[in-house]
Amino acid sequence: MHLQYKLTDLYERLLKSYGYQGWWPLYYSIPPGVTFGNYKKGYHPGDYNFPQNSVQKLEICLGAILTQNTKWQNVVSALHSLNASNLFSLTALQKATSEQIAVAIKSAGYYNQKSQTIKRLVTFLRAHPFAKLKNESTPVAREKLLSIKGIGPETADCILLYALDKTSFVIDAYTTRICRQLRIIDKKTSYAELKHLFESSLEKKKELFQEYHALLVCHGKMYYSRKPYGVNDPMIDF
DNA sequence: AACCAGGACGTGA
DNA sequence: TCACGTCATGGT
């Protein structure tokens, strides 16, 4: 079976098992009064008309940084804390010191590093507003994001895909584990190689990229969070 | 009570 | 390049 078919087939199977995921979850920048399925939890399955404004884009960037090697629930409480501290805007984050931000995001862990990364991001966004970034080509915007210390490949790709609607596939630890287990790649395949594999195999639609990554995380949480990874994965029979 | 989480960076080989 | 240590909280 060709890899291209394998990857599109895996998507179909995951979608059938788990349904639409509705990423990126938004909690503190949603328009008031909007109700959409389990919207209160932040997810908006089937609705790809997000983000709608720069505050929502900022929330996605913050979430992408805060969730580095961290459970999402800890990120949610950090976002709540930021909101309670009136730090949920570019101008507020600009005025705040990294120490003040660190206190607010404590629950997400690595708060010293992440607070400084957030400060660098805010400085960056002053010179490169979202509207300007969207007009850049994906590779150029990606390089600019990667130039920010504390923003690596996965965080940059999350921002590109979910905040800027760019078709940049996100590779995370679950994606790598799943693809190894399903013999799609071997142990020494790099982030860039796996990313290229997905991007060259799939239709370049941001809705597909957004759902696929979310589905891989959902599946990864089920079968790939504890060693030995993926031994009970029902998708294993290709 | 060790283990893990939607990583990234600095270092030495 | 790459393997390894470090950063840190909170749930299981």
Side-chain angles (χ1 to χ4, degrees), chain A residues 11 14 18 20-27 41-45 50 59-82 84-85 98-99 101-121 124 142-163 168-181 185-195 198 209-233:
Chain A
Y11 175 74
L14 292 171
Y18 305 112
Y20 293 102
Q21 300 298 300
W23 278 32
W24 189 275
L26 293 166
Y27 298 84
K41 293 177 183 172
Y43 300 86
H44 43 90
F50 288 97
E59 179 172 341
I60 294 170
C61 294
L62 294 175
I65 292 168
L66 292 172
T67 198
Q68 290 169 356
N69 202 35
T70 300
K71 278 206 166 74
W72 182 251
Q73 200 45 50
N74 290 7
V75 175
V76 173
S77 90
L79 289 170
H80 179 71
S81 173
L82 278 172
S85 309
S98 62
E99 288 79 10
I101 297 172
V103 171
I105 65 171
K106 182 162 171 269
S107 66
Y110 307 124
Y111 47 81
N112 287 315
Q113 305 185 115
K114 286 173 178 176
S115 59
Q116 294 182 48
T117 302
I118 289 170
K119 286 298 285 181
R120 290 185 205 107
L121 172 81
F124 171 85
R142 189 170 193 270
E143 281 310 309
K144 289 184 173 171
L145 288 169
L146 286 175
S147 73
I148 303 168
K149 183 178 170 186
I151 293 186
E154 183 182 344
T155 308
D157 287 329
C158 279
I159 292 172
L160 289 167
L161 180 59
Y162 293 103
S168 192
F169 203 89
V170 180
I171 305 298
D172 73 326
Y174 288 134
T175 306
T176 307
R177 289 174 195 169
I178 292 168
C179 288
R180 276 182 191 160
Q181 178 71 4
I185 58 172
D186 58 25
K187 202 161 177 64
K188 58 180 174 61
T189 305
S190 69
Y191 185 104
E193 289 169 332
L194 187 52
K195 174 181 172 65
F198 275 97
F209 281 31
Q210 289 176 345
E211 282 298 341
Y212 205 156
H213 171 62
L215 285 165
L216 285 166
V217 171
C218 176
H219 187 60
K221 282 176 176 169
M222 303 283 296
Y223 301 100
Y224 290 83
S225 59
R226 199 165 290 272
K227 291 180 182 176
Y229 299 131
V231 284
N232 296 318
D233 186 350

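Proteins get letters first, then strands, A, B, ... in listed order; numbering begins at 1 in each.
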Which part of the nucleic acid, if any, lies within reach of [X] when heavy atoms closer than 4.0 Å are counted: base, sugar-phosphate only, or nothing?
{"X": "A/Lys149", "value": "sugar-phosphate"}
{"X": "A/Asp172", "value": "sugar-phosphate"}
{"X": "A/Ile151", "value": "sugar-phosphate"}
{"X": "A/Thr117", "value": "nothing"}
{"X": "A/Gln113", "value": "base"}
{"X": "A/Ala214", "value": "nothing"}
{"X": "A/Gly109", "value": "base"}

In whole Å, what is the span from the [atom1] atom of [X] to the [atom2] atom of [N]?
{"X": "A/Lys106", "N": "C/dG10", "atom1": "NZ", "atom2": "C1'", "answer": "10 Å"}
{"X": "A/Arg177", "N": "B/dC4", "atom1": "CZ", "atom2": "C1'", "answer": "9 Å"}
{"X": "A/Gln73", "N": "B/dC4", "atom1": "CD", "atom2": "P", "answer": "21 Å"}
{"X": "A/Tyr224", "N": "B/dC3", "atom1": "OH", "atom2": "C1'", "answer": "20 Å"}
{"X": "A/Gln116", "N": "C/dC7", "atom1": "CD", "atom2": "P", "answer": "14 Å"}
{"X": "A/Gln68", "N": "C/dA8", "atom1": "CD", "atom2": "C1'", "answer": "13 Å"}
{"X": "A/Leu62", "N": "B/dG6", "atom1": "CG", "atom2": "P", "answer": "18 Å"}
{"X": "A/Tyr174", "N": "B/dC4", "atom1": "OH", "atom2": "P", "answer": "11 Å"}

* Asked: Between A/Asn74 and A/Leu146, which has a closest nucleotide on DNA chain B that is more 5'?
  ->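 Looking at the nearest nucleotide for each, A/Asn74 comes out on the 5' side.
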Note: for A/Ser225 and A/Thr155 on DNA chain B, the residue whose nearest nucleotide lies more 5' is A/Ser225
Of the listed C/dA8, B/dG6, C/dT9, the closest approach to the A/Ser107 side chain comes from C/dT9
Among C/dG10, B/dG6, B/dC3, the one nearest any side-chain atom of A/Glu154 is B/dG6
Where does the angle between the aromatic ring planes of A/Tyr27 and A/Trp72 fall among parallel (under 30°), tilted (30 to 60°) and perpendicular (over 60°)? tilted
Review point. So, for A/Tyr212 and A/Tyr11, is the gap between ring centers shorter than 6.0 Å?
Key: yes
task = List for me each residue that meets ring pair (Phe, Tyr, Trp, His ring centres under 6.0 Å) alongside A/Tyr111, sequence neighbours excluded, and say none if there are none.
result =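 For A/Tyr111, no residue satisfies ring pair (Phe, Tyr, Trp, His ring centres under 6.0 Å) once neighbours in sequence are set aside.
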Quiz item: Counting N and O atoms only, with roles assigned by atom type, does the side chain of A/Thr70 sit under 3.5 Å from a partner on the main chain of A/Ala108, one being a donor and the other an acceptor?
Solution: yes
A/Arg142 meets the salt bridge (charged side-chain N to carboxylate O under 4.0 Å, His left out) criterion, sequence neighbours left out, with A/Asp157
Ring centres within less than 5.5 Å and planes less than 30° apart: is that true of A/Trp72 and B/dA5 in this structure?
no
TODO: Would you check if A/Trp23 stacks with the base of B/dG6, given a 5.5 Å centroid limit and a 30° plane limit, both strict?
DONE: yes
| If you pin A/Lys188 and A/Tyr110 to their nearest nucleotides in DNA chain C, which one's is more 5'? |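 Nearer the 5' end of the strand: A/Lys188.
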Roughly how many Å apart are [M] and [N], using the [atom1] atom of each and rounding to a whole number?
{"N": "C/dG5", "M": "B/dC4", "atom1": "P", "answer": "15 Å"}
{"N": "C/dC4", "M": "B/dG6", "atom1": "C1'", "answer": "23 Å"}
{"N": "C/dG10", "M": "B/dA8", "atom1": "P", "answer": "22 Å"}

Considering just the side-chain nitrogens and oxygens of A/Asn112, establish if one lies under 4.0 Å of OP1 or OP2 belonging to C/dA8.
-> yes
Looking only at side chains, do A/Asn74 and A/Ser77 share a donor and an acceptor under 3.5 Å apart?
no
